[in-house]
Amino acid sequence: MPNKIALSIEGLTVSFDGFKAVDGLNLYIEENELRVIIGPNGAGKTTVLDLICGKTKATSGSIEFRGVELTRLPEYRLVQLGVGRKFQTPSIYENLTVLENLEISYPKGRSVLGSLLFKRTPEVEQKIMDTAKMIFLEEHLDTMSGLLSHGKKQWLEIGMLLIQDPALLMLDEPVAGMSVVEREKTASLLSMIAKGRSLIVIEHDMEFVKRIAHKVTVLHQGKLLAEGSMEAVQENPKVIEVYLGH
Ligand code: ADP
Ligand code: MG
């Protein structure tokens, strides 16, 4: 049985003062798929994520997620629909502990009223513990987040998204600045969390991409340059010319 398409992007274009950062892009991502987007700097990778999560409004085209058109919805609605996004630099609360960061990210803690009524029930505690374990921080629950290494901060931010059970998770260069060991652990983390949701990862580290990608999309000048298995993409002369050869 063919896998179900979760995210369907057609003719997506955004123009900044006449410059098309994303230009007529078609992209289809399945449920439980881990897709990696690669391409040279300025190719439009981050802008694609900005468009999907509603941070940037499309000039034209369509983004449909599980049958719902996203392009005209405000950002908070996209969050409710399960669209989660991690930016290039970790955005965590440095003066709170790991546990507190996870706790405030738990869905019921999000609204003001929710925060006031928030109780650390056994169910919430279990979810926090499970998440902390998954992101390799179970020994650091009481550590002030600002004291974590850069890699551990990245994991914490992934955990803060995971605790919300996103249906579509997008990560922009998640292993930038990580050690080799941290990269390996992140690879297994991402492979695990792609079960039950779709994952889009932007990454430059080709060893890492090889380990995690189900399929690779190559962007160049806002357009789709190539798409397929890592092997096929690596052998593609156009991809070698504009990206991998450098
Ligand atoms: P990548 O992530 O692939 O390196 P980006 O998506 O960040 O590329 O940027 C693609 C192009 O769009 C770049 O030339 C960038 O300068 C331009 N761009 C991105 N966002 C904006 C914006 N808000 N206004 C104007 N130009 C932008
Ligand atoms: Mg970028």
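Throughout, numbering of the chain's residues begins at 1 and tracks the sequence. Just follow the structure's listing: the first ligand is 1, and inside any ligand the first atom is 1.
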Which atoms of ligand 1 sit under 4.0 Å from any heavy atom of A43?
1 (P), 3 (O), 8 (O)
Have D172 and T46 got a donor and an acceptor in their side chains that come within less than 3.5 Å?
yes
Verify the distance test for T46 against the Mg ion (ligand 2): any N/O/S atom under 2.8 Å, yes or no.
yes
Numbered atoms of ligand 1 (with element) below 4.0 Å of F19, judged on heavy atoms
11 (C), 12 (O), 14 (O), 17 (C)
Between G44 and ligand 1, does any nitrogen or oxygen pair lie at a separation below 3.5 Å?
yes
State whether a side-chain donor-acceptor pair under 3.5 Å links E33 with S198.
no
Just jot down the side-chain hydrogen bond (donor to acceptor under 3.5 Å, both in side chains) partners of E69, sequence neighbours excluded, or say none.
S62, T71
What pairs of donor and acceptor atoms, side-chain ones from residues 17-27 against any protein atom, are under 3.5 angstrom apart with sequence neighbours left out?
from	atom 1	to	atom 2	distance (Å)
D23	OD2	K223	NZ	3.1
N26	OD1	G11	N	2.8

State if G42 counts as touching ligand 1 under the rule of any non-hydrogen atom under 4.0 Å.
yes
Check each atom of ligand 1 against the heavy atoms of N41 and keep those under 4.0 Å away; list them by number with element.
4 (O)
Side chains of Y106 and Q164 only: does a donor on one sit below 3.5 Å from an acceptor on the other?
no
